[in-house]
**Q** 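Here it is, the structure, as structure tokens.
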Number of protein chains: 2
Amino acid sequence: MTSQTQGRPPITSHAAIEAIAFAMFEEHGFEMTTMDDIAAAVGVGRRTLFRYYPSKNDILWGQFDDSLVEFRNSFREVSPDTPPWDAVRSAILAYNSYDEAALPQHRRRMRLLLGTPALLAHSELRYAAWRAVVADFVAERTHQRAEDLVPVLAGRLALAVAISAYEQWLADGATSLLDHIARAADGVSLHFTEDFG
Amino acid sequence: MTSQTQGRPPITSHAAIEAIAFAMFEEHGFEMTTMDDIAAAVGVGRRTLFRYYPSKNDILWGQFDDSLVEFRNSFREVSPDTPPWDAVRSAILAYNSYDEAALPQHRRRMRLLLGTPALLAHSELRYAAWRAVVADFVAERTHQRAEDLVPVLAGRLALAVAISAYEQWLADGATSLLDHIARAADGVSLHFTEDFG
DNA sequence: GCAGATTTGGCATCAAGTGCCGTTAGCCAG
DNA sequence: CTGGCTAACGGCACTTGATGCCAAATCTGC
């Protein structure tokens, strides 16, 4: 990370912007909150806000790109004799392991992301990078190209599992997120080969 | 269909607009073609264009909503003793059965839809309706609610299969679309329970 | 030709993005 | 202390998608 030593120092931070914007989104809804509103609340020029985030949609995604690095690393730590799909399952679980304390906030964030049409659509572009991590791993394991059917399919199936689990989790506060994910992953492995039971 | 008998007749049609817009998208790219451009080419007011399509993204989706009715019907024709996942597989295949003559056009359309970020994102909103068809069917068969895990997961898996197949098809002109879909569907049923083979 | 119904399209307006460019504010020599 | 380098700030203008409003246009039935 190029430590900043010269030039005018940043007037705000991603964290500060996200905190304020997030509160406004929850208060008045995503669509109703304009970039002008956020800029004013943060105390920064609208033009500057667009330098921190390329689009309004991106504000909610925070450190997503960074988290993908961890996700990718978690695949490297899997022993080579673990079956690929088991590895994927473990990686998804690890990726979604949050501190007890961080869960309520995460839940609110995901509720916004999965409940706002504009964000739902935009998410597709972010998910592509997530799927690519899975696809790359499976491609390496199966000695195929990342664009081949099996790796691509693995990425999409993994995402289907993750999102399905999140939807269940948001609707059902009782069960833990990880349990929901495990359940969804089992759904792929078991139910669909015979019946949906 | 409410047959129009009164009032000013429409000056154009969805088909005409789509034909012109499609050509312009392929010629100059989706982003570079503005609604003003399209309106001018069609010979219609920009405001009118927005009455035919709620958004620029929707132009490429044409009769999608209508096609979902067929999709839904195709599930009703499946015999009750067919295992759900087999039924889903058959329905996907039926849904994507195009005349030989219509295939090149369909291919060009899908290339645009899957190759343009803005459309890729917007597609997510359309896919939701498609997944719901699958989920409704599976819910009925398994006596669950459409929002429960198994139906939701089935919808997402079905879509994962379909899109993966389309990506392969677009990259590989040799194999037929239906073969790609069948192959992807098998990928779910077989490979993931043991290994990716 | 008139009344009713419906489409059209111009106009104004809002909001997301983006390029341009002068301004601001730290840091570091000299 | 001062001037220069550097990088962030933010105003301004502009493009484009999208929406409300409303008068004009046009076909049908009487």
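Lettering follows sequence order; numbering is per chain, from 1.
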**Q** Please answer whether the main-chain N or O of Val138(B) pairs with a side-chain N or O of Thr142(B) as donor and acceptor at a distance below 3.5 Å.
**A** yes

**Q** May I ask you to say what Thr34(A) touches in the nucleic acid, namely base, sugar-phosphate or nothing, with a heavy-atom cut-off under 4.0 Å?
**A** sugar-phosphate

**Q** Nearest-nucleotide wise, let me know which of Arg47(A) and Thr33(A) is further upstream toward the 5' end of DNA chain C.
**A** Thr33(A)

**Q** Examine dT8(C): is either OP1 or OP2 under 4.0 Å from a nitrogen or oxygen in the side chain of Tyr52(B)? Give yes or no.
**A** yes

**Q** Can you check whether Ser55(B) has a side-chain N or O nearer than 4.0 Å to OP1 or OP2 of dG17(D)?
**A** no

**Q** Produce a footprint string for nucleotides 21-30 of chain C: one letter per nucleotide, 5' end first; B if the base is under 4.0 Å from any protein heavy atom, S if only the sugar-phosphate is, - if neither.
**A** ---BBBS---

**Q** May I ask you to verify if any side-chain N or O of Tyr53(B) is less than 4.0 angstrom from the OP1 or OP2 atom of dG17(D)?
**A** no

**Q** Should the heavy atoms of other residues, nucleotides or ligands under 6.0 Å from CD of Glu140(B) be counted, would the total exceed 12?
**A** no

**Q** Determine, for Asp86(A) against Arg89(A), whether the closest basic-nitrogen to carboxylate-oxygen distance falls under 4.0 angstrom.
**A** no

**Q** Could you tell me if Lys56(B) sits above the aromatic ring of Phe25(B), with its cationic atom closer than 6.0 Å to the ring centre and no more than 45 degrees from the axis?
**A** no

**Q** Would you confirm whether Thr116(B), through its side chain, and Leu113(B), through its main-chain N or O, come within 3.5 Å as a donor-acceptor pair?
**A** no

**Q** For Lys56(A) and for Arg46(B), find the nucleotide of DNA chain C with the closest heavy atom, then tell me which residue's nucleotide is more 5'.
**A** Arg46(B)

**Q** Please state how far atom CZ in Phe50(B) lies from atom P in dA12(C), giving the value in whole angstrom units.
**A** 18 Å

